[in-house]
S.K.: 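Below you will find the structure I want to go over with you.
Numbered from 1 within each chain, the chains take letters A, B, ... in sequence-line order.
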Number of protein chains: 2
Amino acid sequence: MKIGELAKAAHVEVETIRYYERIGLLPAPARSHNGYRAYAGMHLERLAFIRHCRALDIALADVARLLRFVDDPSAECGEVDALIDTQLARVRARLDSLRTLEDQLVALRSQCGAPDRAAQCGILHELEAPTLGDACVCHGERPQ
Amino acid sequence: MKIGELAKAAHVEVETIRYYERIGLLPAPARSHNGYRAYAGMHLERLAFIRHCRALDIALADVARLLRFVDDPSAECGEVDALIDTQLARVRARLDSLRTLEDQLVALRSQCGAPDRAAQCGILHELEAPTLGDACVCHGERPQ
DNA sequence: GTTGACCCTGTAGCGGCTACAGGGTGTGTC
DNA sequence: GACACACCCTGTAGCCGCTACAGGGTCAAC
C-alpha cells in the first residue's frame with residue numbers, strides 16, 4: 001500500500017501520515033525499490049486506532065501511551081481508565097466554560113439595537129465597559 | 001506606566017503585552033530615557049478591551065477588526081454584529097461537538113470492567129474496533 | 001559593590017497539523 | 001521519444017496565541 005492509498009483508506013491526509021511517522025506514532029514502513037513507503041495492514045490498523053482516539057480529542061501524547069498498551073497486552077491497564085477519565089474531565093471542563101461563553105455572547109448580542117454608527121454601538125460599548133471598571137452585560141458586576 | 005505595571009493592572013503577562021505590540025494590536029508606547037516602554041491610560045483601556053474580547057474567545061484578528069471600529073466611531077457597525085454572531089455560531093458548533101464527545105467518552109468509559117490486563121481491556125478493544133470495521137460503542141454502527 | 005527586581009531584543013517552542021518548494025517516479029497519450 | 005499529469009520524496013515554514021528562554025542592560029536598596 002502506498003501512502004496515498006493508506007491515506008484514502010484511513011480518511012487521513014498524506015501529510016498527516018508522514019507527520020505521525022516523524023513524531024514516532026506510526027512505525028516507519030518498508031520502502032519499495034523507488035523509495036516509496038510501502039505500508040502493511042498493521043499500519044492501517046494503527047492509523048485507524050490513532051484517528052479514533054483523535055476523534056475523541058485525545059492528545060497525541062496520550063495516544064502514544066494507549067498504543068503502548070496495545071503493544072503490550074500483558075500490561076496492567078488501570079492507566080487506560082485513568083486516561084479516559086482525565087479526558088472526560090477535560091471535555092466537561094471545556095463544556096462548562098463554553099456554556100458560560102455562550103451566555104456571555106448572547107447577552108452581548110442583545111445589546112445591539114438597530115445597527116448604525118460605531119459610536120452608538122451597544123456591543124462595542126459593552127466591550128469597552130470593563131475598561132472603565134464598569135460592570136458589563138457579559139461578565140456581570142465585577143469585570144474579571 | 002512601565003510594562004510590568006501595565007501587566008499587573010490588566011492581569012496580563014508581560015510577554016503577552018510585547019506580543020500584542022509586535023503583531024500590531026497594541027500601539028507601540030513612548031520610551032523612557034532608558035529605553036523602557038512608557039504606557040499611558042489609553043494603552044490600559046485598549047489592553048482591557050483586547051482581554052475582554054479574548055475572554056469571549058474572539059480571535060485576535062477579529063479583535064483587530066473590532067478595534068478599528070473603536071478608532072472610527074463614525075463607521076457603520078453592522079460588521080460588529082455579524083462578527084459576534086459568527087463567534088456565537090462557532091461556540092455553539094463547538095458545544096455540539098463537545099457534547100457528542102462527552103457521550104462517546106462516557107460510553108467508552110463504561111466498557112471498563114475490573115482493570116486487569118490490557119489484553120482484556122474493554123476500552124482498548126473499543127478503541128481498536130473500527131480498525132476491523134466493527135461498530136464501536138462510541139461511534140455507533142458505522143465507524144467514520 | 002553586590003544583590004535582586006525589573007527592563008530590553010530576539011528566537012524557539014507548544015499541538016496538530018497544513019502548505020509549500022524543489023525535486024524524483026510511474027503511467028498514459030500523442 | 002516527448003510530454004502531461006498524478007503521485008511520491010525530503011525538508012522547512014506557517015498557523016494560533018501565547019510562553020519561555022538566552023543574553024544582555026538598568027535601577028534602587030542595602
Side-chain angles (χ1 to χ4, degrees), chain A residues 1-26 28-39 43 46-67 83 86-87 90-91 94 97-98 101, chain B residues 1-26 28-39 43 46-67 83 86-87 90-91 94 97-98 101:
Chain A
M1 212 176 350
K2 285 192 288 181
I3 197 169
E5 292 158 359
L6 178 63
K8 262 200 195 93
H11 307 275
V12 173
E13 294 294 315
V14 165
E15 288 89 350
T16 304
I17 296 175
R18 285 197 279 246
Y19 171 68
Y20 288 164
E21 180 182 327
R22 200 160 59 242
I23 63 170
L25 207 57
L26 198 63
R31 296 285 178 143
S32 309
H33 67 284
N34 53 15
Y36 289 10
R37 288 173 179 80
Y39 291 98
H43 293 95
R46 214 169 170 93
L47 189 50
F49 183 95
I50 297 170
R51 292 314 288 182
H52 196 188
C53 290
R54 289 296 300 136
L56 295 169
D57 216 22
I58 296 174
L60 288 180
D62 287 339
V63 176
R65 289 168 61 200
L66 289 174
L67 280 169
L83 203 151
T86 305
Q87 183 63 17
R90 209 181 347 252
V91 166
R94 185 73 184 131
S97 84
L98 274 183
L101 203 51
Chain B
M1 214 179 342
K2 284 192 288 183
I3 196 168
E5 292 159 358
L6 178 62
K8 262 204 194 90
H11 308 274
V12 173
E13 294 295 315
V14 165
E15 287 89 350
T16 304
I17 296 174
R18 285 197 279 247
Y19 171 68
Y20 287 164
E21 179 181 327
R22 200 160 59 242
I23 63 171
L25 208 58
L26 198 63
R31 297 283 180 144
S32 309
H33 68 284
N34 53 13
Y36 289 10
R37 288 171 179 80
Y39 291 98
H43 292 96
R46 211 168 173 97
L47 189 52
F49 183 96
I50 296 170
R51 293 313 289 182
H52 195 189
C53 290
R54 290 297 301 138
L56 296 169
D57 215 22
I58 296 172
L60 289 179
D62 287 338
V63 176
R65 290 167 61 200
L66 290 174
L67 280 168
L83 204 152
T86 304
Q87 183 62 17
R90 209 182 345 254
V91 166
R94 186 73 185 130
S97 83
L98 275 182
L101 204 52

S.K.: Could you state the CZ-C1' distance from A:Arg22 to C:dA19, rounded to the nearest angstrom?
M.R.: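 In whole Å, C:dA19 C1' and A:Arg22 CZ are 12 Å from each other.
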S.K.: Between A:Thr16 and B:Glu5, which has a closest nucleotide on DNA chain C that is more 5'?
M.R.: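 That would be B:Glu5.
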S.K.: In terms of side-chain heavy atoms of A:Arg54, which of C:dT18, C:dG16, D:dG17 is nearest?
M.R.: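 That would be C:dG16.
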S.K.: Of the non-hydrogen atoms in A:Val91 and B:Leu101, which two are nearest, and what is the gap between them?
M.R.: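 In this case the closest contact between A:Val91 and B:Leu101 is CG2-CD2, 3.9 Å.
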S.K.: Rounded to the nearest Å, what distance is computed from the CD atom of residue A:Glu21 to the C1' atom of nucleotide C:dT18?
M.R.: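 The answer, rounded to whole Å, is 17 Å.
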S.K.: Rounded to the nearest angstrom, tell me the gap between atom NZ in A:Lys2 and atom C1' in D:dC8.
M.R.: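 Interatomic distance, NZ of A:Lys2 to C1' of D:dC8: 7 Å.
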S.K.: Under 4.0 Å, heavy atom to any atom of DNA chain D: which of residues 29-38 of chain B qualify?
M.R.: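 Only B:His33, B:Asn34, B:Tyr36 qualify.
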S.K.: Please report, rounded to the nearest Å, how far the P atom of C:dT18 is from the OH atom of A:Tyr19.
M.R.: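 Nearest whole value for this atom pair: 10 Å.
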S.K.: Within the structure provided, determine whether A:Thr16 and A:Arg54 are in side-chain contact (heavy-atom separation under 4.5 Å).
M.R.: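 With C-beta onward as the side chain, the pair stays apart.
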S.K.: Counting only heavy atoms from other residues, nucleotides and ligands, does the tally under 6.0 Å from CD of A:Glu5 exceed 12?
M.R.: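 Yes, the 6.0 Å shell around CD holds more than 12 heavy atoms from other groups.
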S.K.: Answer yes or no: does a side-chain N or O of B:Arg51 lie under 4.0 Å from OP1 or OP2 of D:dC18?
M.R.: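 For D:dC18, OP1 or OP2 has a side-chain N or O of B:Arg51 closer than 4.0 Å.
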S.K.: For a quick test of reading the model: is some side-chain N or O of B:Tyr20 closer than 4.0 Å to OP1 or OP2 of D:dC18?
M.R.: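 For B:Tyr20, the contact criterion (side-chain N or O under 4.0 Å from OP1 or OP2 of D:dC18) is met.
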S.K.: If you take all heavy atoms of B:Ala28 and B:Glu21, which pair is closest and at what distance?
M.R.: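 For B:Ala28 and B:Glu21, the tightest heavy-atom pair comes out as CB-OE2, 3.7 Å.
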S.K.: Could you tell me how far apart A:Leu47 (CG) and C:dG16 (P) are, to the nearest whole angstrom?
M.R.: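 Spelled out: CG on A:Leu47 to P on C:dG16 is 15 Å.
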S.K.: Salt bridge or not for B:Asp57 and B:Arg94, using N-O below 4.0 Å?
M.R.: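 Looking at B:Arg94 together with B:Asp57, the answer is no, because their closest N to O distance does not fall below 4.0 Å.
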S.K.: Can you check the A:Ile23 CD1 to C:dG13 P distance for me, whole Å?
M.R.: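 Atom CD1 in A:Ile23 sits about 16 Å away from atom P in C:dG13.
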S.K.: Please report, rounded to the nearest Å, how far the P atom of C:dT11 is from the CD atom of B:Glu15.
M.R.: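 Answer to the nearest Å: 17 Å.
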S.K.: What integer distance in Å separates A:Arg18:CZ from D:dT12:P?
M.R.: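 The distance from CZ of A:Arg18 to P of D:dT12 comes to 15 Å, rounded to the nearest Å.
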S.K.: Decide yes or no on side chain to side chain contact (heavy atoms under 4.5 Å, CB included) for A:Ile17 and A:Tyr39, but give the supporting numbers first.
M.R.: CA-CA 11 Å; A:Ile17 296 175; A:Tyr39 291 98; 3.4 Å; yes
S.K.: Kindly give the heavy-atom pair with the smallest separation between B:Arg18 and B:Ile3, and that separation in Å.
M.R.: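 Heavy atoms only, the tightest pair is CG-CD1, 3.4 Å.
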S.K.: Using a 4.0 Å heavy-atom cut-off, does B:Ile3 contact any base of the nucleic acid, only the sugar-phosphate backbone, or nothing at all?
M.R.: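 Counting heavy atoms under 4.0 Å across all strands, the contact made by B:Ile3 is with sugar-phosphate only.
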